[in-house]
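Below, chain A is the first sequence line, B the second, and so on; all start at residue 1.
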Amino acid sequence: MPKNNLPIFDCLPKLLDALAQHDQAVLQAPPGAGKTTQVPLSLLEQPWLKGKKIIMLEPRRVAAINAANRMAKMLGEPVGQTVGYRMRQAVNVSPHTRIEVITEGLLTRWLQDDPELSDIGIIIFDEFHERSINTDTGLALSLQARELFRDSHNPLKLLVMSATLDGAAIATLLDDAPIITSQGRSYPVDTIYYPPPKKQHGQAFNDITVHVSHTIQKAVAEQTGSVLVFLPGVGEINRTLKHLHNTLPNNTHCQPLHGNLPLKEQQAAITQTDHGKRKIVLATDIAETSLTIEGVRIVIDAGLCRSPSFDPNTGLTRLHTHNNAQSSTEQRAGRAGRMEPGICYRLWSEAAQHQRAKHATPEILAADLTPLCITLLHWGCNNPSELTWLDAPPSANWQQALNTLQLLGTIDDNQQLTPTGKRLANFACHPRLALLLLKAEHYGANKLGSTLAAILSERTPKHMDANLATIYRAATGLDTINPAHKGWQQRVQQLARQFAQGLSAKKVTADYDESDLIGLLLAHAFPERIAKLKNTNTQNTVFQLANGRAVQISTHEHLAHTPWLSIAEAGGIAGKNTDTIYAACPLNNTFFNDELKYLTKQNTLAQWDDKAGRFIAEQRTQLGKIIIQQQTQTSLPKEVKTKALLELIKNKGLDFLPWSHEATQFIARVNLLHTTIGEPWPSFSHTALLNTLDDWLAPYLSNINTLADFKKLHLLQQLHSLLPWPLPQELDILAPISIAIPSGRNAAIDYNNTPPILAVKLQEMFGCAQTPSIANGQIKLTVHLLSPAQKPLQITQDLAAFWAGGYQEVKKEMKGRYPRHPWPDDPLSMQATAKTKRRLQLDQGF
DNA sequence: CTCTCCCT
C-alpha cells in the first residue's frame, strides 16, 4: 500500500517537534498506524541525534526481526546496513547501523555493562502497553542512567509508544512528557454480546467450552470467512475440539494453536488453507499479539485468559484463570478487522463488559522477582523505591527474592552481592540457573550443566518425560528423539553453547553418574525444592518439599518411585491444594553427607511430644523441614531435658500440672498473706510461680518421661521450698486450714475466695456473736450459714447483726420446713450444735 | 480435569 496513506504521517511533525523540545514523549497509536516502521526512520536525520544510534525495543524476537526487515526494505537496503537487529540468539548489525531493533532483555544487559549508553541517542519502547517486566525495568534503569550520566548537551531521549495504554500515567512518570495521539487504520468490527444461557451461569470455567462449540457452529452457519476462537488454555482447546467432532460442514477445517505446539503445526494454523476451506483456529493468547492468522473475519472470544502468578509463600508460580481485561477484549476483536469488515462474538453480556478491568495486571506485580532483584543489586540499588516505576515491585515478592538470593549464597547479611553473586549477575539467565552453571564448572561438567540450564530456560515440548535426566539425553542426542522436537533440540544446544562460553574448563571431571550429577546440580539451584517421598495412592504420589509444602506427581511417572527428588519446576492451577511436579530428577541422598552437607542442619530435639504424651530426645539431621536422619539420644544432659520441660510448662501454663486441693489452697493462703501483710510473704500469683519454676520445680523434673510421671509430682511439698523458716509454721497460725467453731469441731476454710469462706450449718454457730477471723484478726471470714440441706441461708461478715436482725426472718421460714432442727428464739444463748432436736434430747438423757 | 505468554 502507498506509504503516504499511513495514519501516522498526520502526527509525525508534531512528534518530531516534541522530541526536539523535550527529552521524552509518549506516542499513542493503535495497531496499523505504522508507528513501528515510520517513527524510527523519521528520526534518522534529527540534528539532536548527533550521529548517535536509535534503539527500538520489541517484546518478541519475531517482532524485532520483522520491524528491521520492513524498515530496511523501505530504505532499499538489506538488513544489517542502516537498520539492524540484535537479540540473544541472533545478531545482524554492521558499523553503519543507525537503527538497532532489539528484544527487551538486552537493554538491561547493556545498562549493566555501560550505564552511560554512550553511543545511543534515543531509546524507543515499542508496544509499551504489554508491560512486560523487562520493559518496566528497562525504563526505570534508563531514567536513572540518564539522570546520572547524561545532560542537556548530551541527551538520552526516551520515546514510549503504546497502543491502548492510558497515556496520561506514563506521561506523568516521564516528567510530564507531551502526548501525541495517532489514528489507527483497520476495518470496522461488529460486536455481538452472546452470553451463555442462564443454566450454565455461575458454573466452573470449563463448561464454557459447550457454549463456545455452539457459538462456532452458529457463526459458521450464519457468517462467511474463517474463524479465530480465543480460549484460556490447552485443556479448553482440546475439549472444544472434542465437542465439535463431526458437527461442522465439510468445507471447514479445525486447528488448535498454542505455544506448546511444534513450529510446523503453529505455521499450519496461521497460513491460509488450501482448497479454499474455511479455517477454524482454536487459540490461546498467543494469537492476541504474537501471531497473526490470515483470512480471519470472525472472532469468538470466550472472555477468559490464564496467567501466571508468583506465590511468595510457596516460592512457586501458579496459573490463574480470569476474565480478560477490556484492553485485551478490544485487541482480540481487532483481529477480525485486519483485511475487511468483521464480526466478533463476546460470550458475556454487555453489562459485564463494563465491569472488567481496564488493563491486564502488569507482569511486575505478579512475577518471581529474583532475576530483577539480582539485576538491581548489581546496578547498586538495594531498594526498588530508589527508582521510578509505573508500578513498583510488590514488597512481599521482593522480600521473597532477597530470601532466595540469600539461600543461593549470592548475597550476604547486608544484602550486598558476594563475589559469587557478582559472577552470577553476569549470566543471562535466572540466578538459580546461573548458580547451577557455576556448580557445573566446579564439577568439571560444563556441557551437562549448560545443557541443563538451557533446557530449563527453554519451553520443553509437550508429552516429554518429567525426568530431566531423560530430557537431557534427548537434548544432547544421546537418545533418539521425535523428529518434531528437532527444533527444540537445536535451540537448547545453541543456548547451551552460549552459557558454556561464560565458564572455564576444568581438567578434572567429578566421577558421578549422569543422573546423579543432574540431581546434584538441581539441588544446588533449587535447594528448597528438594523433596522426600511421603505417601502414594493409586493415582498420585506425594512428596514433601524442604520448605514444608507438598507436591504430587502421577504414579505412572518413573519419578514417582524414587525416595528423593530434586525438583526444578512445580506449580499448578490456583484453587487446587497440591502443586504438580513438572520437571525433576531423582536425587542420590548420599550427597547429603558431602556435596549437599551445607544445606543440612544438625538439630538436637529434646521436647515434649504432645501426641505421644511423652518426652522425646533425638539427634536429627534436617534439610529445611525434611528429616533426613533421626537417632534417639540416650545420654541427654539433665539440664537440656529440664530446660525443655520447663519450656513446656511455660507454654501450657500452670494448669498443666497436677494440682491437689491442698496445693491450690496453699497457694491461695500464701497469696492472701502477701496481699494483706506483705513482706516477708512472697507473691504466689500465676506469673510469680511461672517465673520461679526454676527454683521450686526444676529439681524434680529429671525423672519425668511420660504424662503419668507428671501426676506423681508432689507440688505441695515442692512449693514449700519457697517459704523460708519460720514462715511455714506462721502460715498455719495466720491462715490455718481450719478453724474451731462453737459446735466444737474444726471447720475448713476455703481460701479460693477473698475474703476466705467459712461454710457451716447455721445451728453450729449458735452463741457466737463475733465473726471468726484469721491473720491476727485482720481478716474477717465470710460466713456462709447453711440450711440442713447445705444451702446458704445467709452470707455475712457480721454475725452479731444477723442474730439480732435477719435471723428472726430466717427462723420463721425454716422452722416449718425443718421442724426437727432447733430454731430457738434466742440463738445467742443456745448451745451450738450440728445435731437434730431429737438427737440433742437423746444426748441429754431423755 | 497434566501448563498462559515471553525474554537476557
Side-chain angles (χ1 to χ4, degrees), chain A residues 57-64 86-89 102-113 127 130-138 141 204-207 209 230-239 242 257-261 283-291 304-309 316-322 324 328 360-361 363 366-367 371-372 374-375 378 424-431 433-434 453-454 457-466 491 495 498-499 502 539-540 551-557 569-576 578-583:
Chain A
L57 270 58
E58 291 294 330
R60 282 166 292 280
R61 295 176 201 159
V62 208
R86 205 192 279 264
M87 54 205 64
R88 171 156 77 177
Q89 311 260 23
I102 66 171
T103 39
E104 286 171 338
L106 272 180
L107 179 66
T108 335
R109 291 273 134 213
W110 287 359
L111 281 160
Q112 296 205 15
D113 298 340
E127 314 283 6
E130 292 191 19
R131 294 292 308 278
S132 75
I133 193 168
N134 281 330
T135 323
D136 280 11
T137 312
L141 293 184
F205 286 132
N206 51 14
D207 279 346
T209 59
F230 284 101
L231 288 159
V234 183
E236 287 83 355
I237 288 175
N238 290 336
R239 277 203 299 282
K242 221 186 241 171
L257 175 61
H258 51 82
N260 251 344
L261 286 176
T284 60
D285 261 356
I286 196 171
E288 193 173 309
T289 46
S290 315
L291 299 178
L304 299 170
C305 65
R306 191 160 287 148
S307 62
S309 182
L316 298 176
T317 296
R318 284 186 156 185
L319 289 173
H320 292 252
T321 308
H322 48 87
N324 53 337
S328 155
T361 307
E363 193 185 358
L372 173 68
I374 200 166
T375 300
H378 191 53
L424 236 63
N426 284 320
F427 281 97
C429 58
H430 193 287
L433 300 182
S457 298
E458 281 283 328
R459 186 203 298 262
T460 305
K462 233 178 151 47
H463 303 305
M464 260 201 186
D465 203 298
R491 286 196 303 279
L495 190 54
Q498 209 169 327
F499 284 146
Q539 287 182 356
N540 289 310
V551 289
Q552 64 182 21
I553 189 166
S554 163
T555 309
H556 304 303
E557 299 264 357
E569 281 169 35
I573 301 265
K576 268 194 180 178
T578 318
D579 291 292
T580 306
I581 298 168
Y582 295 130

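- The minimum heavy-atom distance linking A:P431 with A:L424 is given by the pair O-CD2, 3.6 Å.
- Across all strands shown, A:C305 has no heavy atoms under 4.0 Å from either base or sugar-phosphate atoms.
- Regarding A:D285, its CG atom lies at a distance of 10 Å from the P atom of B:dT4, rounded to whole Å.
- Remark: A:R459 is in phosphate contact with B:dC5, judged by side-chain N or O atoms under 4.0 Å from OP1 or OP2.
- A:E127 has its CD atom 15 Å from the C1' atom of B:dC7, to the nearest Å.
- A 4.5 Å side-chain heavy-atom check between A:T289 and A:R60 finds at least one atom pair inside the cut-off.
- The side chain of A:R60 lies closest to B:dC6 when the candidates are B:dT8, B:dC6, B:dT4.
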key: CA sep, side-chain torsions, deciding dist, call: A:S328, A:E288, side chain to side chain donor-acceptor pair (under 3.5 Å)   = CA-CA 8 Å; A:S328 155; A:E288 193 173 309; 3.2 Å; yes

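- Looking at heavy-atom distances under 4.0 Å, A:S457 makes contact with a base.
- Each of A:K242 and A:P232 has a nearest nucleotide on DNA chain B; the 5'-most of these lies closest to A:K242.
- Between A:E130 atom CD and B:dC6 atom C1' the separation is 9 Å, expressed in whole Å.
- Following rounding to the nearest Å, A:Q539 (CD) and B:dT2 (P) show an atom-to-atom distance of 10 Å.
- Distances shown here put every side-chain N or O of A:S132 at or beyond 4.0 Å from the OP1 or OP2 atom of B:dC5.
- Taking atom CD on A:E236 and atom P on B:dT4, their separation rounds to 7 Å, with Å as the unit.
- Going from atom CZ of A:R318 over to atom P of B:dT2 covers 16 Å, rounded to whole Å.
- Listed by chain and residue number, nothing satisfies the salt bridge (Lys or Arg N to Asp or Glu O under 4.0 Å) test with A:R61 (two or more places apart in sequence, or in another chain).
- For A:R109, no side-chain nitrogen or oxygen approaches OP1 or OP2 of B:dT8 to under 4.0 Å.
- Closest to the side chain of A:P308, from the set B:dT4, B:dC7, B:dT8, is B:dT4.
- Both A:L106 and A:G259 lie near DNA chain B, and the one whose nearest nucleotide falls closer to the 5' end is A:G259.
- In this structure, CD1 of A:I286 is placed 4 Å from P of B:dC6, rounded to the nearest angstrom.
- For B:dC6, neither phosphate oxygen OP1 nor OP2 lies less than 4.0 angstrom from any side-chain nitrogen or oxygen of A:T103.
- A donor-acceptor distance shorter than 3.5 angstrom exists from the side chain of A:T555 to the backbone of A:Q539, with no hydrogens or angles considered.
- Using a 4.0 Å heavy-atom cutoff across all strands shown, A:G233 reaches sugar-phosphate atoms only and no base atom.
- Distance CH2 (A:W110) to P (B:dC7): 16 Å, rounded to an integer number of Å.
- In the set B:dT8, B:dC1, B:dC5, the nucleotide with an atom closest to the side chain of A:H258 is B:dC5.
- Applying the side-chain contact (heavy atoms from CB on, under 4.5 Å) rule to A:A454 yields the partners A:V492, A:L495, A:A496, A:F499; only residues at least two apart in sequence or on another chain are considered.
- Within 4.0 Å of A:T284, counting heavy atoms only, lie sugar-phosphate atoms of the nucleic acid but no base atom.
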